[in-house]
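Single-structure report; data block below.
Worth saying up front: this structure is predicted, and the values here are computed from it rather than measured.
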Amino acid sequence: MDTTQELAAFLRARREGQDPHDFNLPSRRQARRTPGLRREEVAELAGVSTDYIVRLEQGRGLRPSANVVEALAGALRLAPDERTYLFNLAQQRPRNADSPATTAAPPLARLVADLSPLPAMLLNHRYDILAWNDEMARLLLDFDTLPPAQRNAMWLCLMHPKMRDFYVDRERVVREGIAHLRAAWAAYPEDRALTDLIAEFTRRDEEFARLWAERDIKVNGRGSKVLRHPEAGVITVHFEVLMPLQDPDQRLVIYRAADDESQSALDRLSAHPRKRASVTP
């Protein structure tokens, strides 16, 4: 498939699918002979020339800039999926339309609870812990006892005294976390909270500063970790990180026991009555 021709066809289809009455357009005496918006109306709404719209719809090999694609998406009132598709066809990178998530999407928070007895939690791109079930809290820390500012998986790994020796292969865990933060930093350059968090880690932790300078960007969404639990002993878990299509800024982290001994340890930790999943206020 020729992406230039598909871009042209997609723009035409979305333009012709619009109801002109939904737009606050100046009235024109000339009757409409075709459905949808006129090319000059799209041009006016997007802040480009009519000739530019004509050439785009004729597939003349133009490659609109990210700003122009954004303007076209707004002019045609594209849905988020349509907007992403238009950016992909134009081979441009969209800016993030929504603010980064700071609270758990309610359906995802319920899913975290329903995943019991598997330890599960929900993170955003900063590694802020937005939701967790009781199994994850028993395995890592009682997140309810922490100030909201400290409910961050990377902050806990680097700064919390009880977590410094929790991971047997600590450097690998820190390295993977740094790769994720670097990728998130590139995707959300306007997120001041993330920038401040990285600056704090760099200033306060020599290991973080050293590994951050290596510029490793390999994000690992599947693997295993060996945990040194103060009560249950050594536990090996497989982890999976899932990104929901409806909330791509949020990440669902699920742990599973890697062997029978680890499963027995998790069962001992989960022996108490189950609580409801907790969500950050």
Exercise for the section: In sequence, state the C-alpha distance, the side-chain angles, and the governing distance for V234 and E261, and then conclude on side-chain contact (heavy atoms from CB on, under 4.5 Å). Expected result: CA-CA 9 Å; V234 175; E261 292 78 8; over 6 Å; no
Exercise for the section: Could you give me the CA-CA distance, side-chain angles and deciding distance for L11 and L7, then say whether side-chain contact (heavy atoms from CB on, under 4.5 Å) is met? Expected result: CA-CA 6 Å; L11 288 174; L7 174 65; 4.2 Å; yes
Handout entry: Candidate pair E207 and R170, rule salt bridge (Lys or Arg N to Asp or Glu O under 4.0 Å), full reasoning
Key = CA-CA 10 Å; E207 182 181 28; R170 174 183 168 80; 3.2 Å; yes
Problem - Check against side-chain contact (heavy atoms from CB on, under 4.5 Å), V226 and I235 - result: CA-CA 6 Å; V226 183; I235 303 174; over 6 Å; no
Handout entry: side-chain contact (heavy atoms from CB on, under 4.5 Å) between D169 and K225, intermediate numbers included
Key = CA-CA 8 Å; D169 191 354; K225 295 179 181 178; over 6 Å; no
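M136 and M163 fall within a single hydrophobic cluster, where Ile, Leu, Val, Met, Phe, Trp and Tyr side chains are chained together by heavy-atom contacts under 4.5 Å. Clustering ILVMFWY residues whenever any of their side-chain heavy atoms sit less than 4.5 angstrom apart, transitively, puts F23 in the very cluster that holds L76. Clustering ILVMFWY residues whenever any of their side-chain heavy atoms sit less than 4.5 angstrom apart, transitively, puts L62 in the very cluster that holds V42. Grouping the Ile, Leu, Val, Met, Phe, Trp and Tyr side chains by contacts below 4.5 angstrom, directly or via other members, places M243 apart from L111. The cluster map of Ile, Leu, Val, Met, Phe, Trp and Tyr, joined by side-chain heavy atoms under 4.5 Å apart, puts M159 and L156 in the same cluster.
M154 places a side-chain heavy atom less than 4.5 Å from the side chain of I178. You'll find the side chain of I254 stays beyond 4.5 Å of the side chain of P119, heavy atoms only. You'll find the side chain of Y167 stays beyond 4.5 Å of the side chain of R228, heavy atoms only. Within the 4.5 Å cutoff, side-chain heavy atoms of H229 are placed close to those of L139. Here the side chains of L118 and E135 are not in contact, with every heavy-atom distance at 4.5 Å or above. No side-chain heavy atom of L211 sits under 4.5 Å from any side-chain heavy atom of D216. In this structure the side chain of L72 never reaches within 4.5 angstrom of the side chain of L78, judged on heavy atoms. Looking at I129 and N152, their side chains never come closer than 4.5 Å, going by heavy atoms from C-beta outward.
The closest donor-acceptor contact from the side chain of S270 to the backbone of L266 lies under 3.5 Å. When atom types are taken as modelled, the side chain of N133 and the backbone of A120 share a donor-acceptor pair closer than 3.5 angstrom. Side-chain N or O atoms of R55 include none that pairs as donor or acceptor with a backbone N or O of I53 at under 3.5 Å. In this structure a side-chain-to-backbone donor-acceptor pair under 3.5 Å is missing from N124 to Q250. With S116 contributing its side chain and A113 its backbone, the two residues share a donor-acceptor pair below 3.5 Å. In this structure, the side chain of R251 engages the main chain of D249 through a donor-acceptor pair within 3.5 Å.
In this structure, A137 and W132 approach most closely via the heavy-atom pair CB-CD1, 4.0 Å. What you find for A257 and S262 is that their closest heavy atoms are CB-C, 3.9 Å. Taking every heavy atom of both residues into account, P189 and T195 meet most closely at O-OG1, 4.4 Å. Closest heavy-atom contact between V219 and A179: CG2-O, 3.8 Å. In this structure, L37 and P20 approach most closely via the heavy-atom pair CD2-CA, 3.9 Å. Between E41 and R38, the closest heavy-atom pair is OE1-N, 2.8 Å.
You'll find the ring centres of H238 and Y255 outside the 6.0 Å limit.
Counting heavy-atom neighbours within 6.0 Å of R222 CZ, excluding the residue itself, gives a total of 12 or less. Dense packing is recorded around CG of D22, with more than 12 heavy atoms of other residues, nucleotides or ligands lying under 6.0 Å away.
One finds the CG atom of L197 at 13.5 Å from the CH2 atom of W185 (value rounded to the nearest 0.5 Å). Atom CZ of R182 and atom CD1 of I198 lie 8.0 Å apart (nearest 0.5 Å). To the nearest 0.5 angstrom, L56 atom CG is 13.0 Å from R63 atom CZ. To the nearest 0.5 angstrom, L141 atom CG is 11.5 Å from R151 atom CZ. A distance of 11.0 Å separates CD of E16 from CZ of R14, quoted to the nearest 0.5 Å. Remark: L130 CG to L123 CG distance equals 7.0 Å, nearest 0.5 Å.
The aromatic rings of H180 and Y127 sit parallel to each other, their planes meeting at less than 30°, with 60° as the upper class boundary.
By the 4.0 Å N-to-carboxylate-O rule, R138 lies close enough to D134 to be salt-bridged with it. Using a 4.0 Å cut-off between charged side-chain N and carboxylate O, R12 and E57 make no salt bridge. Ionic pairing of R164 and D205 is present here: one or more N-O contacts between side-chain nitrogen and carboxylate oxygen are shorter than 4.0 angstrom. The pair R83-E70 meets the salt-bridge criterion, with a side-chain N (NZ, NE, NH1 or NH2) lying under 4.0 Å from an Asp/Glu carboxylate O. A salt bridge links R126 and D128; the closest N-O separation between the charged side-chain nitrogens and carboxylate oxygens is under 4.0 Å. Salt bridge status for E176 with R172: present, with a side-chain N to carboxylate O gap under 4.0 Å. Using a 4.0 Å cut-off between charged side-chain N and carboxylate O, E82 and R77 make no salt bridge.
Figure legend: cation-pi geometry between R175 and F208 absent, as NZ or CZ is not positioned both under 6.0 Å from the six-membered ring centre and within 45° of its axis.
Side-chain contact check for Q263 and D259: no donor-acceptor pair (N or O, by modelled atom type) lies under 3.5 Å.
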